[in-house]
K.L.:
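Before I ask anything, let me first share the structure, which is written out below as structure tokens.
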Amino acid sequence: MKKYFVIGNPINHSLSPKLHNYWLEQNNINAVYEKIKLEENEIENFILKIKDQKINGCNVTVPFKKSVIPFLDKLSPEAEQTQSVNTICFHNGDLVGHNTDVGGFQKALNKLDYKVKDKKILILGAGGVVPSIIFALNKMEVSEITVSNRTYKKAENLKSQFNKINIIKWGEITEFDIIINATSLGLNNETIDLNISNIGDNKLFYDVIYNPDETNFLKDGKKLGNQTENGKFMFIYQAFEAFKLWHDLEPSVNKQILNLLNND
Ligand code: ATR
């Protein structure tokens with residue numbers, strides 16, 4: 001039986017096993033997917049087990065998406081550019097790091113009835129997932145990306161990877177079509193202190209958070225008459241892309257999948 005894992009710390013909250021095990025069963029694949037909490041100094045040994053084919057692949061979540069990179073042989077272009085790996089495969093004798101958060105975000109936005117090309121984007125936050133979001137938005141040919149983060153320096157550091165982005169101070173606002181919450185604010189019912197009362201309508205409010213289903217950020221966007229979307233499909237599609245890489249087939253994304261995640 002093949003074995004797959006998601007590694008991270010903490011890892012208890014991860015819904016990846018639910019999703020992958022459902023798809024494995026549905027496709028009659030003789031494999032199992034589990035979560036495992038690791039410490040930083042255990043990563044190398046764990047990854048060697050993939051090279052030895054004792055484990056067949058893994059997903060990587062916070063806080064190890066960057067720290068796994070030195071132990072890999074190759075990176076996909078997305079993983080290279082974002083310096084973020086969330087999926088590891090063994091391919092032709094090499095350990096290959098992929099970043100399916102990029103494709104996951106892109107697929108999630110494509111699914112919406114909202115044209116992204118040539119739009120102005122404001123991203124709140126500069127944490128681990130933001131390089132993947134910026135990379136995807138550039139692929140989707142947006143016209144402008146502005147980043148605002150509580151710690152200004154961290155937003156500024158993104159310029160070494162993505163030199164065209166603009167940076168504004170935390171609490172400031174700029175003209176946008178799409179605003180993305182990529183901070184952890186909202187996980188515990190927090191509000192984000194931004195003056196958005198004059199932004200107009202026809203905007204898209206996107207929150208990377210999907211639990212709770214609707215953060216205060218999304219509630220505020222909706223109240224002003226804007227379209228809103230949470231991060232559930234980004235999560236589902238990053239898993240979809242990883243599944244495709246490991247098993248060479250496309251799992252179904254349907255109502256049952258959504259129920260599976262809602263029932264948690
Ligand atoms: P990491 O920064 O370690 O990658 P993350 O969960 O990916 O962790 O990112 C958390 C994001 O939420 C960061 O942008 C963080 O801002 P800082 O860089 O200033 O830490 C943001 N964040 C978390 N708590 C916040 C708060 N109370 N107010 C504003 N931003 C907050």
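Just follow the structure's listing: the first ligand is 1, and inside any ligand the first atom is 1.
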K.L.:
Checking the N or O distance criterion of under 3.5 Å, is ligand 1 in contact with G128?
P.N.:
yes
K.L.:
Heavy-atom distance to atom 26 (C) of ligand 1: which of K65, K153, R150, K66 wins?
P.N.:
R150
K.L.:
For atom 28 (N) of ligand 1, what's the nearest protein heavy atom and its distance?
P.N.:
L185 CD1, 3.4 Å
K.L.:
Do S67 and E40 pair up side chain to side chain, a donor and an acceptor below 3.5 Å, judged on atom types alone?
P.N.:
yes
K.L.:
Applying a heavy-atom cut-off of 4.0 Å, say which part of A126 lies close to ligand 1: side chain, backbone, both or neither.
P.N.:
backbone
K.L.:
Pick one: which of N262, D207, N211 meets side-chain hydrogen bond (donor to acceptor under 3.5 Å, both in side chains) with K232?
P.N.:
N262
K.L.:
Enter the distance from L204:CG to D177:CG here, rounded to the nearest 0.5 Å.
P.N.:
9.5 Å
K.L.:
Should the pair K111 and F233 be classed as cation-pi, given the thresholds of under 6.0 Å to the six-membered ring centre and 45° from the axis?
P.N.:
yes
K.L.:
Any chance the rings of F240 and H20 have centres within less than 6.0 Å?
P.N.:
no
K.L.:
Is the contact between T183 and ligand 1 made by the side chain, the backbone, both, or neither, using heavy atoms and a 4.0 Å cut-off?
P.N.:
both
K.L.:
If we ignore angles and hydrogens, is there a donor and acceptor under 3.5 Å between the side chains of Q238 and N86?
P.N.:
yes
K.L.:
Is there a donor-acceptor contact under 3.5 Å linking the side chains of E241 and Y237?
P.N.:
no
K.L.:
Just to confirm my output: which protein heavy-atom neighbour is closest to atom 9 (O) of ligand 1, and how far is it?
P.N.:
G127 CA, 3.6 Å
K.L.:
Strictly inside 4.0 angstrom of atom 6 (O) of ligand 1, do you find any protein heavy atom?
P.N.:
no
K.L.:
Among all protein heavy atoms, pick the one closest to atom 16 (O) of ligand 1 and tell me residue, atom and distance.
P.N.:
N149 OD1, 3.3 Å
K.L.:
Under 4.0 Å between a side-chain nitrogen and a carboxylate oxygen: does that hold for E144 and K119?
P.N.:
no
K.L.:
Identify the closest protein heavy atom to atom 10 (C) of ligand 1: which residue and atom is it, and at what distance?
P.N.:
S184 OG, 4.1 Å
K.L.:
Considering only heavy atoms of G125, which atoms of ligand 1 have at least one such atom less than 4.0 Å away?
P.N.:
14 (O)
K.L.:
One thing to verify: whether D52 and K49 come together as a salt bridge, which I'm taking to mean a side-chain N less than 4.0 angstrom from a carboxylate O.
P.N.:
no
K.L.:
Below 4.0 angstrom, counting only protein heavy atoms, does anything approach atom 3 (O) of ligand 1?
P.N.:
no
K.L.:
Report the part of K154 (side chain from C-beta onward, or backbone N, CA, C, O) that has a heavy atom under 4.0 Å from ligand 1; answer both or neither where that applies.
P.N.:
side chain
K.L.:
Please report which non-hydrogen protein atom sits nearest to atom 19 (O) of ligand 1, along with the residue it belongs to and the distance in Å to one decimal place.
P.N.:
T151 OG1, 2.5 Å
